[in-house]
Amino acid sequence: MPRYWLFKSEPECFSYEALENAPNRRTGWDGVRNYQARNFLRDDVKYGDGVIYYHSNAEPPGIAGIAVVVEESHPDPTQFDPKQDHYDPESDPNAPTWVQVTVEAVAPVTPEVGLPAMRKNSKLEGLELLRTGSRLSVHPVSPEHWREMLKMAGFTEDPHAKWLEKHGLDTAAKPAASKPAASKLPASKSTAKAAISAAKPAAAKKPVKTVAKASVKVDVSKAKANVKSPAKAKPASKSAAPVKKSRTGGK
DNA sequence: GCCAACGTTGGC
DNA sequence: GCCAACGTTGGC
């Protein structure tokens, strides 16, 4: 199991700064409406896992902070609220389709590590975020890539490791070279399809409406066209910040 | 604003 | 089950 993850969030929806300003510096990573991302949240993201907080659809896009998972998979409340952009009328409260995890801010990355710099770093080869066409808003990060990104961010010590120690979690268990993430990601497109279809059964529900939803949301935040919405899904509920809404991604 | 790469939907 | 159309993601 991966111990590290990369979560995308559109800063217009929910920035790393918004997370720091949220109650308890925490927020439920809601709004994820993609099966592959949901499956990671539901099955693999565990308490104490480290999170690279990435700002997508930003100017410029890049790593804005480090967070930690403080609560594992539980139902995403926004799927049941008609007022939410990510409302999913098809989701059965007795068998929720969408889940969220709760994350807590650990350390900001200032200045941010921009996407261009990441693309130029050969040590980050293989990182899902950098794969052409990648849109997965929640994906695993290998220990090697995690260390390299922290290095680029200027950290001399891993703030996440410190957090674990402070909370009495075992940091001794070495990440060794487990190659977590990679194994779960599709190697190619064709496999991606297989992965997705495999994922569906688990959900038991259909995504159909989800899509509609996403578009709805968008309008709220952007005026333009179809635009996009933020990548994240987060918004939500809490609104400690100015919040906009986002789409799918996870906050 | 444009557009490449995707994911989802729905006809057949 | 295939695949065309459509909508979204997200970088540029």
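To find a chain, count down the sequence lines: A is the first, B the second, and so on, and within it residues start at 1. When reading the values below, keep in mind they use all heavy atoms of this one structure, side chains included, and skip hydrogens, waters and symmetry mates. This one's a predicted model, so the numbers in the text were calculated from it and none came from an experiment.
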Round to the nearest Å and state the distance from [X] atom [atom1] to [N] atom [atom2].
X	N	atom1	atom2	value
A:M118	C:dC12	CE	P	12 Å
A:N34	B:dC6	CG	C1'	10 Å
A:L136	C:dG10	CG	C1'	13 Å
A:L129	B:dC6	CG	C1'	15 Å
A:R119	C:dG11	CZ	P	8 Å
A:E128	B:dA5	CD	P	15 Å
A:N57	B:dG1	CG	P	14 Å
A:R38	B:dT8	CZ	P	11 Å

If you compare all heavy atoms of A:A64 against all heavy atoms of A:H55, which two are closest, and at what distance to 0.1 Å?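 Shortest heavy-atom separation between A:A64 and A:H55 comes out as CB-CE1, 3.3 Å.
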
What are the two closest non-hydrogen atoms of A:V68 and A:W163, and how far apart are they?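 Minimum heavy-atom contact is CG1-CE2, 3.6 Å.
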
Centroid-centroid distance, A:W29 to A:F14, less than 6.0 Å: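 A:W29 vs A:F14: aromatic centres not under 6.0 Å.
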
Are A:H160 and A:Y4 close enough that their ring centers fall under 6.0 Å?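 Ring centres of A:Y4 and A:H160 closer than 6.0 Å.
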
Does a nitrogen or oxygen in the side chain of [X] sit under 4.0 Å from OP1 or OP2 of [N]?
X	N	result
A:Y54	C:dG11	yes
A:R131	B:dC6	yes
A:K8	C:dT9	no

With Watson-Crick and G-U wobble geometry limited to distances under 3.5 Å, how should the secondary structure of DNA chain C be encoded in dot-bracket form, using | for bases paired to another strand and [ ] for crossing pairs? ||||||||||||

Enumerate the residue pairs fulfilling ring-ring contact (aromatic ring centres under 6.0 Å, His included) with a member in residues 105-126 of chain A, sequence neighbours excluded, ordered by first and then second residue.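 Of all non-adjacent pairs touching residues 105-126 of chain A, none passes ring-ring contact (aromatic ring centres under 6.0 Å, His included).
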
Apply side chain to side chain donor-acceptor pair (under 3.5 Å) to A:T102 and A:E71, showing your working. CA-CA 5 Å; A:T102 299; A:E71 189 177 349; 3.2 Å; yes

Give a yes or no on whether a salt bridge exists between A:K162 and A:E157, defined as a side-chain N under 4.0 angstrom from a carboxylate O.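 Salt bridge present between A:K162 and A:E157.
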
